[in-house]
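The sequence lines fix the lettering, A, B, ..., with proteins before strands; numbering per chain opens at 1.
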Amino acid sequence: MFRQPNPGEEGFDQDRPKFFCLDMFPYPSGAGLHVGHPEGYTATDILCRYKKMKGFNVLHPMGWDAFGLPAEQYAIQTGIHPAQTTRKSIDNFRRQLQRFGFCYDWSREFGTIDEDYYKWTQWIFLRIYDSWYDTDAQRGRPISELEQEFASGKREVRYNPDAAEYAGAGELPMGAAAGGWEPLDDETKRTILDSYRLAYVGNQTVNWCPKLGTALANEEVIDGRSERGGFPVFRKPLSQWMFRITSYADRLLAGLEDVDWPTSTKAMQAQWIGRSEGAEIDFSLTNAPVMAKPSLRVFTTRPDTIFGATYMVIAPEHPMVQAILEEPPPGSDVSALVEYCGAASNRTDVERQESKEKTGVFTGVMALNPATGEQIPVWTSEYVLMSYGTGAIMAVPGQDERDWEFAEKFDLPIVRTVQPPAAFDGKAYTGEGVAINSGFLDGLGVAQAKSKMIDWLGEQSCGVRKVNYRLRDWLFSRQRYWGEPFPIVFDQRGWHYPVKAEALPVKLPELADYAPEVSDEPKPLLAKATEWLKTTAGEVGVSGRPADQAMTRETNTMPGWAGSCWYYLRFCDPKNAERFVGKEAEAYWMDGGVDLYIGGAEHAVLHLLYARFWHKVLFDLGEVSTDEPFSKLFHQGLITSFAYQRKDKSLVAIDEVDETAEDTYVERESGESVKQITAKMSKSLKNVINPDDVIAEYGADTFRLYEMYMGPLEASKPWNTRDISGLLRFLQRAWRLVLDEDTGEPMLSDTPDETLEKKLHRTIAKVGGDIERLAFNTGIAAMIEFVNAGTSAKESGAALTRDQALRFSQVLAPFAPHIGEELWSRLGGSGLVSQAYWPEHDEAMLTDDEIEIPVQIMGKLRAKIMAPAGADQKALEELAMADAQVKQLIEGKQVRKVIVVPGRLVNIVAQ
RNA sequence: GGCUUCGUAGCCCAACUGGUAGAGGCGGCGGGUUCAAAGCCCGCACGGUGCAGGUUCGAUUCCUGCCGAGGCCA
């Protein structure tokens with residue numbers, strides 16, 4: 001019924017404007033919908049129904065984000081295939097959503113687990129795999145163009161300078177300088193190209209739990225043991241697929257300026273990207289191991305403080321450490337180093353940064369501070385992370401809290417290089433101030449000093465201006481079963497090749513059981529699918545290889561994020577078998593991006609960042625027509641619930657509390673009085689509301705109205721079952737306003753009541769405006785007001801005409817579609833109200849002829865006068881001054897000034 | 001600790017770019033309808049906007065500080 005044709009299809013009306021309204025599609029959990037889902041969905045539903053009535057082509061789709069961990073864990077316990085449980089959950093979700101009467105175009109429904117969907121997820125992965133980021137052009141391009149530029153000599157042949165995971169980052173390959181690209185051997189060529197790919201294989205340290213046979217997220221590891229089972233967890237390097245999202249850091253940051261998103265979400269994304277400007281500085285080493293580079297490179301955001309750099313610290317994983325162990329300089333304690341670095345490597349970055357007590361070991365290596373010329377020691381400590389900057393820092397205890405702590409602990413010198421304020425009594429001073437103890441920088445402010453120091457370092461050829469990001473490349477491999485397989489195969493040498501488009505999708509194989517294998521070596525689940533693993537060059541289309549050459553499939557799967565990175569595009573053209581989305585459909589619906597995207601703030605960082613990244617790559621490759629996917633974003637607030645709190649702030653489940661008097665609550669068992677607070681719904685507090693129960697008792701329309709009436713859409717607000725009855729009463733009143741309670745027949749008047757007509761126009765205008773700005777709570781209040789006015793008028797014999805009643809049901813219908821249709825049909829409306837037009841309102845009906853104007857004297861309300869609505873300043877002033885009460889109050893005072901705001905008030909300044 | 005949103009009636013919330021603090025709902029109280037209750041109908045009350053300052057003719061709205069709550073990141 002709500003099918004929306006695409007451009008070119010029968011029934012498509014190209015004269016209408018388009019509106020693409022997207023809900024964050026749900027993960028269909030076994031528990032079914034919770035009350036948070038319908039909040040956002042009702043909001044978009046009201047807006048979409050309204051937009052349809054206003055004559056828009058509305059794209060309002062729904063689907064399922066259906067790969068994910070819970071289904072897999074359930075499969076491990078029960079042996080039931082995740083597809084089976086997931087399909088069942090989807091059916092349940094669909095049933096529940098349909099009960100709400102949402103106007104989704106169900107002909108566009110799909111799940112991320114559908115083969116003809118994940119086929120294209122794999123295809124997009126390959127497009128990204130086949131791309132590189134041209135830092136000059138600031139955009140992604142096909143890797144074939146890079147190869148051409150190397151071959152033609154247009155671009156110097158070297159490893160990607162931004163690919164830290166390739167040991168030769170930025171360097172020329174052996175022999176390249178002389179002969180260029182052609183003479184290089186295949187392996188070198190390949191490695192160079194791989195270093196540029198936007199999807200690459202990187203070595204990432206993961207939390208490996210041999211007993212569980214899986215890698216764990218940082219949150220799943222507690223004190224070196226698995227949260228589930230308490231098994232030991234080790235940090236282990238693992239070959240993983242990575243996305244070079246860091247190449248897009250600047251674009252992802254800049255794009256935030258062009259979108260209409262909540263400022264908090266923009267701030268979160270910007271913070272996540274974490275752009276910081278500073279300098280990269282090389283400290284030369286006086287006794288570097290021969291194997292290591294003769295200098296140590298650091299990144300710092302505070303080059304202005306370099307005169308206070310009294311020591312250096314490298315991460316325990318820093319390559320220099322290995323070099324030192326092989327060739328220890330005098331003064332180094334090898335066994336202490338080995339022990340320290342080994343222990344540190346088993347701790348996550350988060351744990352390492354959280355440690356209160358600073359630890360570390362002197363490496364024996366000494367460096368030269370280029371500014372002071374003094375020798376400073378190089379230490380290693382876990383508080384420096386290999387994954388940020390260069391994995392090495394210059395430590396400036398005077399201006400950095402962690403460096404200060406470290407220096408105090410190990411008795412290293414501390415030199416202040418920024419003058420703290422006189423009142424400052426802390427340790428490290430990180431604020432603004434003038435430079436001191438800093439030679440030629442003395443007296444300069446922080447910003448100036450930074451700039452001057454970077455220039456100076458440049459002159460000395462030991463430092464350059466550098467932008468650094470907190471954003472890391474995106475780890476895209478999971479050792480799980482229930483995800484998209486990678487469209488990648490390996491030969492015996494371990495070289496990777498893409499699966500040709502015609503051989504997609506690479507289908508997920510069936511497994512006999514889903515339990516991870518106990519293993520010391522990280523081994524993805526798909527490795528158990530021994531038959532599936534084996535393929536040939538011919539089958540998957542590896543070019544330049546014999547067709548019967550054996551190939552092995554990639555056994556990692558994609559993370560849960562993959563499917564949600566581009567589903568909005570598929571909704572534009574979900575049945576397309578030729579492309580991931582048809583060009584025409586994409587150009588039409590995505591013109592200007594998704595017009596409104598509503599979903600929870602919990603996805604404010606990762607999902608939205610990942611989807612934007614994919615979208616930008618696709619845009620650069622000419623596959624989509626916009627740079628940003630979501631032009632307007634909105635987060636619905638959390639629906640919380642009541643909970644009870646003891647004096648010690650511990651929480652009590654709702655069924656263990658009695659209300660002894662109004663607003664007085666007592667814990668039954670102990671008799672202790674408890675405080676009512678709001679908290680997240682949770683099973684343990686027994687305060688979870690099941691939508692099915694609410695619908696059974698009150699109906700879907702009441703549910704919809706209640707959730708929209710609770711408060712502003714973006715606010716978090718508590719569910720209070722007691723309040724629902726108000727909305728049920730409203731619907732009943734609305735019914736009785738126009739229909740006979742017993743017979744259900746219309747009870748209407750033939751002649752319109754002028755007051756009600758006016759009120760109706762105002763209601764139409766108010767509700768329409770409120771829907772546009774997503775202020776559903778006030779829109780509903782306006783409808784309640786109208787019904788209350790109509791009900792009161794009935795006492796005095798007035799009633800709505802058929803025409804008025806029909807218009808009211810048109811206004812009500814987007815909010816309460818079931819009763820809206822019922823009223824419409826009983827009142828004799830033609831067709832369906834959901835296909836009717838939104839009623840017009842007359843602007844002239846919105847204003848009164850005569851209005852009440854407050855008169856203030858010295859800003860205090862003193863009188864009220866009646867004035868014609870259009871009265872100008874002068875007329876209003878005269879009316880105010882003529883008012884008897886005003887006259888009396890300003891008697892004997894000097895009127896200094898009279899402020900008149902036409903239509904609003906008069907303020908007399910008199911003394 | 002940083003970023004961010006927000007504190008209005010017993011509760012949930014209105015108040016548009018500063019302009020009469022109150023639209024609406026819940027709950028409470030009173031009245032009507034009724035043999036009675038539920039229901040329905042009508043009516044009523046309650047706060048000066050977390051606290052302290054500032055800007056302004058005028059501040060719930062803008063600014064500063066503090067207190068408290070939520071979200072995100074450390």
Side-chain angles (χ1 to χ4, degrees), chain A residues 262-274 349-354 401-402 430 470 600-606 635 637-640 642 659 661-664 676-680 702 705-730 732-733 735-737 741 762-763 766 769-770 772-773 775-789 791-796 851-865 876 895-911:
Chain A
T263 48
S264 59
T265 302
K266 286 191 191 186
M268 274 188 249
Q269 289 231 342
Q271 190 191 323
W272 188 262
I273 295 168
D349 288 359
V350 175
E351 286 172 344
R352 286 167 48 170
Q353 290 208 292
E354 273 172 356
E401 282 160 17
R402 289 173 305 174
T430 56
R470 205 186 74 98
E602 66 271 23
H603 299 113
V605 175
L606 295 182
H635 300 303
L638 208 61
I639 295 185
T640 56
F642 289 123
E659 184 171 6
E662 197 174 327
D663 294 319
T664 309
Q676 188 181 56
I677 57 155
T678 57
K680 275 188 187 176
T702 306
L705 281 168
Y706 172 63
E707 284 212 345
M708 292 301 99
Y709 191 62
M710 290 170 78
L713 189 60
E714 69 275 18
S716 82
K717 51 234 163 209
W719 181 278
N720 189 354
T721 303
R722 199 167 65 180
D723 288 343
I724 302 175
S725 59
L727 283 305
L728 180 62
R729 279 181 207 155
F730 157 65
Q732 290 168 336
R733 276 175 160 223
W735 181 269
R736 287 196 306 264
L737 180 59
E741 201 171 352
R762 288 175 192 199
T763 306
K766 170 79 175 149
D770 282 352
E772 302 253 15
R773 58 187 189 99
F776 303 109
N777 52 337
T778 52
I780 293 168
M783 291 191 288
I784 295 176
E785 243 182 289
F786 176 76
V787 169
N788 288 352
T791 306
S792 296
K794 255 169 92 171
E795 297 291 300
S796 54
I851 53 176
E852 190 185 65
I853 299 282
V855 181
Q856 294 181 340
I857 295 171
M858 294 302 290
K860 296 267 185 269
L861 178 66
R862 295 299 184 203
K864 289 176 181 180
I865 54 172
L876 281 172
V895 177
R896 296 177 162 247
K897 200 170 164 189
V898 179
I899 292 140
V900 181
V901 184
R904 300 232 70 134
L905 60 43
V906 178
N907 187 14
I908 299 166
V909 186
Q911 275 177 331

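Comparing B:C26, B:A14, B:G70 by their nearest atom to the side chain of A:Thr778 picks out B:A14. Residue A:Tyr709 has its side chain nearest to B:G25 when only B:G25, B:C42, B:U20 are considered. Each of B:A23, B:C26, B:C41 was ranked by its minimum atom distance to the side chain of A:Arg729; first place goes to B:C26. Comparing B:C13, B:U20, B:C41 by their closest approach to the side chain of A:Arg736 singles out B:C41. If you check B:C73, B:C57, B:C41 against the side chain of A:Arg470, the one that comes closest is B:C73.
The C1' atoms of B:G22 and B:A9 are separated by 10 Å, rounded to the nearest whole Å. B:U8 and B:G70 have their P atoms separated by 15 Å, given to the nearest Å. Separating the P atom of B:C6 from that of B:A15 is a span of 13 Å, rounded to the nearest Å. Taking the C1' atoms as reference points, B:U17 lies 28 Å from B:C51, given to the whole Å. Going from the C1' atom of B:G18 to that of B:U56 covers 9 Å, rounded to whole Å. Across the P atoms, B:G58 and B:G28 are found 43 Å apart, a figure rounded to whole Å. Comparing the P positions of B:C44 and B:A38 gives a spacing of 22 Å, expressed to the nearest Å.
B:G70 atom P lies 20 Å from atom NE2 of A:His635, rounded to whole Å. With rounding to whole Å, A:Ile724 atom CD1 is found 16 Å from B:G25 atom P. The nearest whole Å value for the distance from the CG atom in A:Asn777 to the P atom in B:C12 is 14 Å. Atom-to-atom, CH2 of A:Trp719 to P of B:G25 comes out at 19 Å; the value is rounded to the nearest Å. Taking atom CZ on A:Arg722 and atom C1' on B:G28, their separation rounds to 10 Å, with Å as the unit. Distance A:Glu707 CD to B:G25 C1': 16 Å, rounded to the nearest Å. For the pair A:Leu705 CG and B:C12 P, the interatomic distance rounds to 21 Å; values are reported in whole Å. Computed from coordinates, the A:Asn907 CG to B:U20 P distance equals 11 Å when rounded to whole Å.
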Fill in the blank from the handout: A correct 5'-to-3' footprint of nucleotides 2-8 of chain B, with B, S and - meaning base, sugar-phosphate only and no protein heavy atom under 4.0 Å, is BSSS---

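A distance-only check finds no donor-acceptor pair linking the side chain of A:Ser716 to the backbone of A:Ile639 [under 3.5 Å].
The two residues A:Ile853 and A:Leu905 have their closest heavy-atom pair at CG2-CA, 3.7 Å. Nearest approach of A:Gln269 to A:Val605, heavy atoms of both residues: NE2-O, 3.4 Å.
Not counting sequence neighbours, the partners of A:Tyr706 by the ring-ring contact (aromatic ring centres under 6.0 Å, His included) test are A:Trp719. Checked against salt bridge (Lys or Arg N to Asp or Glu O under 4.0 Å), A:Glu772 has the following partners two or more places apart in sequence or in another chain: A:Lys51. Take A:Ala270 and apply the side chain to side chain contact (heavy atoms under 4.5 Å, CB included) test, not counting sequence neighbours, and it matches A:Leu253, A:Leu256. In this structure A:Phe786 satisfies the ring-ring contact (aromatic ring centres under 6.0 Å, His included) test together with A:Phe808, sequence neighbours excluded.
Under the Watson-Crick or G-U wobble criterion, with both distances below 3.5 Å, B:G1 is paired with B:C73. Under the Watson-Crick and G-U wobble criteria, each requiring two contacts below 3.5 Å, nucleotide B:G7 is paired to B:C67. When both distances must be under 3.5 Å, the Watson-Crick or G-U wobble mate of B:A15 does not exist. Shown here, B:U33 forms a base pair with B:G39; the pair counts as Watson-Crick or G-U wobble because both key distances fall under 3.5 Å.
Listed by first then second residue, pairs satisfying salt bridge (Lys or Arg N to Asp or Glu O under 4.0 Å) with a partner in residues 775-787 of chain A read A:Lys759-A:Glu785, not counting sequence neighbours.
Within 4.0 Å (heavy atoms only), A:Ser792 reaches sugar-phosphate atoms of the nucleic acid but no base atom. Using a 4.0 Å heavy-atom distance criterion, A:Val901 is classed as a base contact. Residue contacts for A:Lys864: at a heavy-atom cut-off of 4.0 Å it reaches a base atom on one of the strands shown. Residue contacts shown for A:Gln856 include a base, since a base heavy atom lies under 4.0 Å away. Using a 4.0 Å heavy-atom criterion, one finds that A:Pro262 contacts no nucleic acid atom at all.
Mapped onto RNA chain B by nearest heavy atom, A:Gly711 and A:Ile853 fall at different nucleotides, with A:Gly711 at the one closer to the 5' end. When each of A:Ala601 and A:Leu905 is assigned the nucleotide of RNA chain B bearing its nearest heavy atom, the one mapping closer to the 5' terminus is A:Leu905.
A:Tyr706 contributes no side-chain N or O that forms a donor-acceptor pair with the base of B:G25 under 3.5 Å.
Atom CZ of A:Arg904 is separated from atom CG of A:Leu876 by 13.0 Å, given to the nearest 0.5 angstrom.
Syn is the conformation of B:G48, whose glycosidic angle sits no further than 90° from 0.
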